[in-house]
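Any value given below was found using the heavy atoms of this structure, including those in side chains, with hydrogens, waters and symmetry copies removed. Order of listing sets the numbers, starting from 1, for every ligand and every atom in it. Note that the coordinates shown come from a computational prediction; the quantities given were computed from them, not determined experimentally.
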Amino acid sequence: MAIVADVPTDLPEQMYAALIRECGPPEVIGYDTMPVPQPGPTDVLVRVEAVSVNHVDTFVRSGAYETKRPFPFVVNRDLVGTVAACGAGVAGFAVGDRVWCNSLGHAGRQGAAAQYAVVPSDRLYPVPEQADSVTTVAVAHPAATAYLALHTHGRLRPGETVLIAGAAGHVGRAALALARDARIIATASAADLETCRQLGADVALDYRDPDLATRLHDAAPDGVDVHLDTSGHHDLDLATGVLAPRGRIVLMAGLGARPELPVGALYTRDAQIAGFAISTATTVELAAAAARINQLVADGSLTPRAVEHLPLSAAAQAHRRLETGAARGVRLILHPPA
Ligand SMILES: NC(=O)c1ccc[n+]([C@@H]2O[C@H](COP(=O)([O-])OP(=O)(O)OC[C@H]3O[C@@H](n4cnc5c(N)ncnc54)[C@H](OP(=O)(O)O)[C@@H]3O)[C@@H](O)[C@H]2O)c1
C-alpha cells in the first residue's frame, strides 16, 4: 500500500463541536467553537458527516464510566465522514475517502461530535461502496458490540445454539444478523417477535411469558451454548438453567446490576461467564468486527430499526432522550453543519 501525505491547505481554523468542560447531566454539553484538530503522523483528519448517540456516550459524559477526558472534551464516539487530511505515515486512506470510526472519546482520545475529528488510522475503516453512510454509523456501535459478544468473548461456533435476550434492541438486532451460522433463540416483547423471526431467529419468545423457562427448555433440549442478555436484566438462574455443558454467559449490559449467582449450577456445567466493554477492545478486535460489519452493511443484512436525524447543536437533548428511555427503538444521529 502506498504511503500518502495528504494535507490540503484550505482547512478552516475553527469548527463547531458538542463539548463538555466538566462531567455532569446532559446540560453540561455546550455547542461551541474550537480549533480544528491537527492530525499526527499516523492520524487521519475526518470531515464528519454524522455521529451516533450511544448509551456509553452518556456514561462518559456523566462520569459514570471512568476514562481519561481532556477538557474541553468533545462527546460521543462513532462517526462517519470523509477524509480531509492524512498524516505523512498513513497508509491506505486518501482525501475524499468515505470512512467510519467507532472508538473515539475514550482513554484520552477526543470524541466524534464535531465538524472535524482526528482518528488514529488503525481505528478507521472504509465505508463499503454500496453502503449508505448513515446506515453504517447507525449500526457501527451495536453491531461491533454484538460481534465482540458473540465471537470474541462468547466464542460462538457454527451450529451451536445462542440465546439472544433483548433481540429487538439495537445490539440484539445486530446479533441476529451476526449469529446467522448458529441456531438462534430470541427473546423480546410480544410485539417484536415476528420481526425477530424475519431477522433470523429460529425461535422467538416473549420475555414476559411466565412460562419462559419451560419454553426455553423445550426450544433448546440440549442447552444453550452462548447466552447473551442485552437488556441488562440478568436472571442468572434462568440463564444457567438452560445452559449447555461448557456454555458461556456473556455480560455486557447493566452497569449497576447485582444479580444472584447460582454458583453450583455454573461450575458443575463447566460454565464460563465472560464480561466485556467495547471501550477496552483492542484495535485488532475492533478491526475484525469492522470487517464483518462492512460485509453485512454492504449486502443489506445489517440495518438499524429506525433512525432520527438531529443537528449537532441538539447533542444535549439527544443525550437526555437516550437516558430517559425516550428514544426507545430509535438510533439518534447528529449532523454537524456542512
Ligand atoms: N458492554 C458494551 O460494550 C456495550 C456496548 C453497547 C451497548 N451496551 C449496553 O447494551 C444494552 C443494550 O443496548 P441497546 O442499544 O441494544 O438497547 P435497546 O435498544 O434498548 O435494547 C434492549 C432491549 O432489551 C429488551 N428487554 C428489556 N427487558 C428485557 C428482559 N427482561 N428480557 C429480555 N429483553 C428485555 C427491550 O425490549 P422492550 O423495549 O420491548 O422492553 C429492548 O428491545 C445497554 O444497556 C447498553 O448500555 C454495552
Side-chain angles (χ1 to χ4, degrees), residues 52-62 64-65 67 76-78 102-103 105-107 138-154 163-178 185-196 199 201 204-210 212-213 215-216 227-239 242 249-257 259 273-282 285-286 289 293 302-308 318-319 321-333:
S52 64
V53 186
N54 301 303
H55 290 287
V56 66
D57 301 322
T58 70
F59 303 155
V60 170
R61 184 219 68 232
S62 71
Y65 194 110
T67 189
N76 294 20
R77 69 173 51 198
D78 298 3
N102 62 344
S103 56
H106 183 259
V139 300
H141 182 71
T145 303
Y147 181 95
L148 294 169
L150 294 171
H151 300 301
T152 312
H153 299 281
L163 170 53
I164 301 171
H170 302 300
V171 177
R173 187 181 166 97
L176 289 175
L178 286 157
I185 302 172
T187 66
S189 284
D192 292 325
L193 296 181
E194 189 46 40
T195 305
C196 290
L199 291 172
L205 301 171
D206 180 355
Y207 74 75
R208 294 184 180 87
D209 185 339
L212 180 61
R215 294 190 198 289
L216 287 172
H227 179 110
L228 169 61
D229 181 348
T230 72
S231 77
H233 299 284
H234 301 285
D235 185 339
L236 293 182
D237 277 320
L238 179 76
V242 294
I249 296 174
V250 180
L251 302 183
M252 41 72 61
L255 259 193
I273 298 184
F276 79 95
I278 191 172
S279 301
T280 55
T282 65
E285 289 167 346
L286 290 171
I293 290 168
L302 195 49
T303 55
R305 178 166 156 162
V307 164
E308 184 179 329
H319 274 226
R321 282 178 57 192
L322 196 63
E323 274 177 357
T324 57
R328 179 184 175 274
V330 180
R331 296 285 288 146
L332 300 177
I333 304 293

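- Using a 4.0 Å cut-off between heavy atoms, His55 contacts ligand 1 through its side chain alone, with no backbone atom that close.
- The closest side-chain donor-acceptor pair between Asn76 and Arg61, if any, does not fall under 3.5 angstrom.
- The two atoms that bring Leu178 and Ala146 nearest to each other are CD1-CB, 3.7 Å, heavy atoms only.
- The shortest N or O to N or O distance between Thr145 and ligand 1 is not under 3.5 Å.
- The aromatic rings of His153 and Phe276 sit parallel to each other, their planes meeting at less than 30°, with 60° as the upper class boundary.
- A donor-acceptor pair shorter than 3.5 Å can be found between the side chains of Arg77 and Ser279.
- To the nearest 0.5 Å, the span separating CG on Asp57 from CZ on Phe59 amounts to 9.5 Å.
- Side chain of Arg305 to main chain of Ala168: a donor-acceptor pair is present (N/O by atom type, distance under 3.5 Å, no hydrogens or angles).
- No side-chain heavy atom of Ile278 sits less than 4.5 Å from a side-chain heavy atom of Val56.
- Of the options Leu205, Leu238, Leu216, a side-chain contact (heavy atoms from CB on, under 4.5 Å) to Leu163 is made by Leu216 and by none of the others.
- Looking at ligand 1, you won't find any N or O of Thr187 less than 3.5 Å from one of its N or O atoms.
- For the pair Arg208 and ligand 1, a heavy-atom separation below 4.0 Å is found.
- The part of His233 lying near ligand 1 is the side chain, judged by heavy-atom distances below 4.0 Å.
- Contact annotation: the side chain of His170 never approaches that of His55 to less than 4.5 Å [non-hydrogen atoms, C-beta and beyond].
- Remark: side-chain polar atoms of Thr230 are paired, donor with acceptor, to backbone N or O of Gly166 under 3.5 angstrom.
- In this structure, the protein non-hydrogen atom closest to atom 43 (O) of ligand 1 is Gly169 N, 3.3 Å.
- Both the backbone and the side chain of Ile278 come within 4.0 Å of ligand 1, judged by heavy-atom distances.
- Comparing Met252, Arg305, Arg331, His234 against atom 8 (N) of ligand 1, the shortest heavy-atom distance belongs to Met252.
- Every atom of ligand 1 is numbered from 1 in the order shown, and the set under 4.0 Å from a heavy atom of His170 is 15 (O), 16 (O), 19 (O).
- Close approach of ligand 1 to Thr230 (heavy-atom distance below 4.0 Å) involves ligand atoms 10 (O), 11 (C), 12 (C).
- Of all protein heavy atoms, the one lying nearest to atom 16 (O) of ligand 1 is Val171 N, 2.8 Å.
- Considering backbone and side-chain atoms alike, Ser279 places every N or O at 3.5 Å or more from each N or O of ligand 1.
- With respect to atom 39 (O) of ligand 1, the closest heavy atom belonging to the protein is Arg328 NE, 2.8 Å.
- Note: no N/O pair closer than 3.5 Å links His141 and ligand 1 by distance alone.
- Within 4.0 Å of atom 20 (O) of ligand 1, not a single protein heavy atom is present.
- Of all protein heavy atoms, the one closest to atom 30 (C) of ligand 1 is Tyr207 CD1, 3.4 Å.
- Polar contact check, Ala168 against ligand 1: no nitrogen or oxygen pair lies under 3.5 Å apart.
- Among all protein heavy atoms, the one lying closest to atom 25 (C) of ligand 1 is Gly166 CA, 3.8 Å.
- Taking NE2 of His141 as the reference point, atom CG of Asp78 lies at 6.5 Å (rounded to 0.5 Å).
- Counting only non-hydrogen atoms, the option in Gly329, Pro142, Ser231 that gets closest to atom 26 (N) of ligand 1 is Ser231.
- Closest protein heavy atom to atom 40 (O) of ligand 1: Ser189 OG, 2.5 Å.
- The shortest N or O to N or O distance between Ala277 and ligand 1 is not under 3.5 Å.
- Interface atoms of ligand 1 facing Ala253, defined by a heavy-atom separation under 4.0 Å, are 9 (C), 10 (O), 11 (C), 45 (O).
- Put simply, the side chain of Ser189 never gets that close to the backbone of Ala191: no donor and acceptor are under 3.5 Å apart.
- Heavy atoms of His153 found under 4.0 angstrom from ligand 1: none, in either backbone or side chain.
- When atom types are taken as modelled, the side chain of His234 and the backbone of Ala253 share a donor-acceptor pair closer than 3.5 angstrom.
- Here Met252 contributes atom CE and Thr145 contributes atom OG1; the two are 5.5 Å apart, rounded to the nearest 0.5 Å.
- Among the atoms of Phe276, some N or O lies under 3.5 angstrom from an N or O of ligand 1.
- Counting only heavy atoms, the protein never gets under 4.0 Å from atom 36 (C) of ligand 1.
- Only one option out of Thr303, Asp192, Leu176 pairs with Leu199 in a side-chain contact (heavy atoms from CB on, under 4.5 Å); it is Leu176.
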